[in-house]
Amino acid sequence: MSYNHLEIEKKWQEYWQKHQTFYTDVHDFSKPKYYALDMFPYPSGVGLHAGHPEGYTATDIICRKKRMEGYNVLHPMGFDSFGLPAEQYAIATGNHPASFTEKNIETFRQQLKMLGFSYDWSKEISTCDPSFYKWTQWIFKKLFEANLAKCIEMPVNWCEALGTVLANDEVIDGKSERGNHPVVRKMMKQWVIDIVAYAEKLLEGLEEIDWPESTKEMQRNWIGKSQGAIIHFKVNNSVEQFDVFSTRPDTLFGATFCVLAPEHPLVDTITTQEYRDAVKEYKEYASLKSDIERNDTTKEKTGVFTGAYAINPVNQKLIPIWISDYVLLSYGSGAVMAVPAHDQRDYEFAKTFHLDIIPVIEGDISTQANSNDGVYINSEFLNGMHKEQAISAMIEYLQQRKLGYPKVNYRLREWIFARQRYWGEPIPVILVDGREYVTLKDEDLPLILPELKDYSPLNGQSPLSQASQWLHVSIDGKKGIRETSTMPGSAGSSWYFLRYIDPNNEHALADYDLLKHWLPVDLYIGGPEHAVGHLLYARMWNHFLYDQGVVPVKEPFKKLIHQGMILGANGIKMGKRFPEFVVDPNVIVKEYGADTLRIYEMFMGPLEASKPWNDQGVEASRKWLERVYRLVMEMDKLTDENDHKLDYIYNYTVKKVSEDIEQLSLNTAISQMMIFINECYKQDKIYKEYILNFIKMLSCFAPHLGEEMYHHLTNEATIAYQPWPEYDESKLVLEEIEIVIQINGKLRGKFKGSPNEQEDTLKQIALQHPSIQSYIEGKEIKKMFVIKGRVINIVV
RNA sequence: GGGGAUGUGGCGGAAUAGGUAGACGCAUCGGACUUAAAAUCCGGUGAUGGAAACAUCGUAAGGGUUCAAGUCCCUUCAUCCCCACCA
């Protein structure tokens, strides 16, 4: 007989819902808290994919264990529901995106429930819900008041096809992340958030959180802190001057030319008559280049001479000023001093245009790798010094003469915070008299999206610009016009985890005392694709809200895990390219059951690794669950008397499974449960207590089956809050263990002995062991190593 | 170009305070049950040689440290991910 998973799973899902089994009273501070968070999904039209249940099952397992251990567990779910697909649906059909979104959310909600996750659905949030985005707008207002949100003229990533501006992390290789449309750079007035102001805090915060080192490193690289100096260069025969940023001011004596970005404001002013045409031509050439071409670092350096010369501030030498697109306006000061002897890019440029190369550090120039050792030459007061010494000497020199100053630069850019779209949070700002930006009053929030006839973008303007009634307002008798851009998708997701704690609060984004109790999130699981986007933005908002006294902790996510990707059976990412290898979790649940899918995905391999799908593995998981079910439900072997035969394996299993779940080593936890069941099958009688405790552990992985079997044996209402089993350390000591004899490190024999045997006794047993006699006969024993309870190594 | 990670049977993967490599599962082979098949239960299964006992080899490749290396160190190769002319 095999168990009917459809019947059992339906039965328990209904039971949990009816009895609100997983409702969390957030005000109950009597128990220790545990807050486990999943990255909430974007409710697309196609429903869950095979990757969703992976991370979600992992958090569910740990939550179920924590509940049994007596924690007050917060395990919520919600929906990141603003976004492009719903908007495109609205454009195509003329229907409001909200109904489409709600329909998709309903599908997702049903699928998530079907998988047996122990979410507290009373905490559900949705970012497109006005009662939620009221607070997204409120945070924006706070940022505006703190001068961290502002509207500035800046170069942006403009996507013509989508009719909107995109953030840097939404652009991949010069194409839009969504839709893969070309993206160009364009100057526009934009709402931005000054995330750079938090660069240092975001770097420091990384030190105190338990995140994968690779993710921390990615964030560090994205922030890209570099220490150096600003150096002022005067233009010869001119009143003009410009600044360069350099991390190696110590090489100033080796600067043989300067390079400005083609868009640098000074270019037109300083270019001499003779070079005007060439410069103009080059500027056009550079502006037409797509990001892809500009990113191709293998290409030849290009550039033109401006005819102007700069004066090297340390030795008054005249050095030519060039322009080239390898210098970016958006980083540093948009100008560099070129030291071809010690910088690869400058070297290539100098070689291409036959410019001077003057080494200032001893060593082999051609390798370009000599800049860290060797003493300084050709550098007057730096001669004979080493790097660190030379850097401080040069900075001191520049500072004393007001020729420059130390400076820290970040690669991180402003977070572009506006999209010319409809389906996002309206930015709660009014432009009054065409000059001054005024935010809405708190009592006027949320600013709700108006209904439109047509959701298409108009001439690169947000669809909202057509809502004339909504658009025009009057403030204190002055004419005002609302901002028509909306916030990006990353807005709501930057703080949603705070709202779960207090989702219905109408007076604050969440009650401070509740936040104080529940934060930080103890465990956050989600895909590695969010390593720098969402995870950096969410940290920044949280740091900001901490500074505002709204949130009690600096870092929101104490521990972070990335689940790996579930690949198709062909070992390639599931997707449009190989539709025949795409797995629909719905189908798996219907055919094999949610418990099977959960067990299978957890048993596939380490949570963090990418793993290929295997249908036979699903089948095997199902068979194993049936094997457990048969043992418990059919075989009349359970007794109330312990014959102690399973003592060791049972206690070891409890220990191993408990520890493995803590470390999210879920594949090995399942493997140990399999070993336990295999042992049980070898017994005539099984101590019922052991099986009951085994079911508790299994119920974290396969909750429906767990409930069913536990209910069958005990008549308890639910297993969800039964105490987690403990193990008896004394039962883990075996009376007899296998000890290995090695000769020169090679396995030559084994014997059984007590783990507590004295070293000398062990040595004697080993030396007398028959299978090693031929190896030691007539040889001098030089040394013996005894590793208690494991190995004896004889060196001859 | 920079950063990060990974590399173990036919397959997914176990094993790190250095101490029996290949747990567990898949696949496969055999046995039991069956008229038969499926399902189930039990057992074998890294490679090579051998009837067997056993021997030799074996964790991407090469070197090293050590009584002992999948694990530590050096060099090389391959794959994947992220960033990328960041001065």
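Here is the naming used below: chain letters follow the sequence lines, and residue numbers restart at 1 for every chain.
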In whole angstroms, the gap separating P of B/G19 from CD1 of A/Ile737 amounts to 15 Å
Using Watson-Crick geometry (N1-N3 plus N6-O4 or O6-N4) or G-U wobble (N1-O2, O6-N3), each under 3.5 Å, B/G7 is paired with B/C77
Among the nucleotides B/U20, B/C42, B/G4, whichever has the atom closest to the side chain of A/Val740 is B/U20
Do any side-chain nitrogens or oxygens of A/Asn667 fall under 4.0 Å of OP1 or OP2 in B/C24?
no
Its glycosidic angle compared against 90° from 0, B/G9 adopts the form syn
Worksheet entry | Inter-nucleotide P distance (B/U56, B/A21), Å rounded | 13 Å
Atom CG of A/Leu607 and atom P of B/G13 are separated, to the nearest Å, by 13 Å
Which of A/Tyr600, A/Phe581, A/Phe578 passes ring-ring contact (aromatic ring centres under 6.0 Å, His included) with A/Trp613? It is A/Tyr600
Taken to the nearest whole Å, CG/A/Leu412 to P/B/C82 is 19 Å
In whole angstrom, give me the gap between the P atoms of B/G58 and B/G63. 11 Å
Contacts of A/Ala335 and A/Met218 projected onto RNA chain B by closest heavy atom; the upstream (5') one is A/Met218
Thinking salt bridges, do A/Lys225 and A/Glu200 make one under a 4.0 Å N-O criterion? yes
What's A/Glu738 touching, base or sugar-phosphate or nothing? Going by heavy atoms closer than 4.0 Å.
base
The nucleotide from B/C41, B/C24, B/G19 with an atom nearest the side chain of A/Met674 is B/C24
Practice task
Report yes if at least one side-chain N or O of A/Arg630 is closer than 4.0 Å to OP1 or OP2 of B/A39; otherwise report no.
Solution key: no
By the Watson-Crick or G-U definition, both distances under 3.5 Å, B/A51 is matched with none
Exercise. For the residue pair A/His264 and A/Phe242, does the interplanar ring angle fall in the parallel (under 30°), tilted (30 to 60°) or perpendicular (over 60°) class?
Worked result: perpendicular
Given the ring of A/Tyr681, does A/Arg627 sit roughly above its face, with NZ or CZ under 6.0 Å from the centre of the six-membered ring and within 45° of the axis? yes
B/A84 -> Watson-Crick or G-U wobble partner, both distances under 3.5 Å, gives none
dist A/Phe694:CZ -> A/Met709:CE (nearest 0.5 Å) comes out at 6.5 Å
B/A68 -> Watson-Crick or G-U wobble partner, both distances under 3.5 Å, gives none
What contact category does A/Asn678 fall into here, base, sugar-phosphate, or nothing, at under 4.0 angstrom with non-hydrogen atoms?
sugar-phosphate
Table of protein N/O atoms under 3.5 Å from nucleotides 66-68 of chain B N/O atoms:
unit_1: B/C67; atom_1: O2'; unit_2: A/Asn793; atom_2: ND2; d: 3.3
unit_1: B/C67; atom_1: O2; unit_2: A/Asn793; atom_2: ND2; d: 2.5

Q) Just checking A/Ser214: base, sugar-phosphate only, or nothing, at a heavy-atom cut-off of under 4.0 Å? A) sugar-phosphate
Of B/U20, B/A39, B/A14, the nucleotide closest to the side chain of A/Pro606 is B/A14
Taking B/C24, B/A14, B/C26 as options, the one with an atom nearest any side-chain atom of A/Ala620 is B/C26
Under a 3.5 Å limit on both distances, the Watson-Crick or wobble mate of B/U40 is B/A32
Within the structure shown, what part of the strands sits under 4.0 Å from A/Arg411 by heavy-atom distance: base, sugar-phosphate, or nothing? base
Check: What nucleic acid atoms does A/Pro528 come within less than 4.0 Å of, heavy atoms only: base, sugar-phosphate, or nothing?
Finding: nothing
A/Tyr652 OH to B/A23 C1', in whole Å, measures 9 Å
Item to complete: Using a heavy-atom cut-off of under 4.0 Å over every strand shown, decide if A/Tyr775 touches base, sugar-phosphate, or nothing.
Response: sugar-phosphate
- Inspect the contact between A/Arg622 and A/Glu619 and indicate whether a charged nitrogen and a carboxylate oxygen are less than 4.0 angstrom apart. no
Mind telling me whether A/Tyr648 and A/Tyr652 have parallel, tilted or perpendicular rings, with 30° and 60° as the class edges? parallel
Whole-Å distance, A/Glu626 CD to B/A38 C1', equals 13 Å
Side-chain atoms of A/Phe603 come closest, of B/C26, B/G12, B/A87, to B/G12
| message | For the P atoms, the ones on B/A23 and on B/G10, what distance do you get once it is rounded to whole angstrom? | response | 14 Å
Say you pick atom C1' in B/A27 and the same atom in B/C81; how far apart are they, in whole Å?
31 Å
State whether the side chain of A/Ser392 and the backbone N or O of A/Glu388 hold a donor-acceptor pair below 3.5 Å, judged by distance alone.
yes
Taking atom C1' in both B/C26 and B/C77, compute the distance separating them and give it to the nearest angstrom. 31 Å
A/Tyr331 OH to B/C83 C1', in whole Å, measures 14 Å
request  = Report yes if at least one side-chain N or O of A/Ser226 is closer than 4.0 Å to OP1 or OP2 of B/A87; otherwise report no.
outcome  = yes
**Study point:** Pairwise P distance, B/C73 and B/A5 [rounded to whole Å]
**Key:** 12 Å
Across every strand shown, the nucleotide meeting Watson-Crick or G-U wobble geometry with B/C24 (both distances under 3.5 Å) is B/G12
A/Tyr410 atom OH is separated from B/C83 atom C1', nearest whole Å, by 19 Å
Atom CG of A/Leu747 and atom C1' of B/C54 are separated, to the nearest Å, by 12 Å
Nearest-nucleotide check on RNA chain B, A/Ser333 vs A/Gly617; residue mapping nearer the 5' end is A/Gly617
Check: Which whole number of Å gives the distance between the C1' atom of B/A39 and that of B/A60?
Finding: 42 Å
From the candidates B/A15, B/G3, B/G13, the one with an atom nearest any side-chain atom of A/Pro612 is B/G13
### Message
Taking 4.0 Å as the cut-off, does a side-chain nitrogen or oxygen of A/Lys746 come that near to OP1 or OP2 on B/C57?
### Response
yes
For residues A/Trp415 and A/Tyr198, establish whether the separation of their ring centroids is below 6.0 Å. no
Requested in this report: Please state whether the phosphate of B/A55, meaning OP1 or OP2, lies under 4.0 angstrom from any side-chain nitrogen or oxygen of A/Arg748.
Outcome: yes
Q) Should A/Arg220 be listed as having a side-chain N or O under 4.0 Å from OP1 or OP2 of B/C82? A) no
- Give a yes or no on whether A/Lys216 atom NZ has more than 12 heavy-atom contacts from other residues, nucleotides or ligands under 6.0 Å away. yes
(Q) I'd like the C1' distance from B/U28 over to B/C11, given in whole Å. (A) 12 Å
With sequence neighbours left out, the residues meeting salt bridge (Lys or Arg N to Asp or Glu O under 4.0 Å) with A/Glu207 are A/Arg220
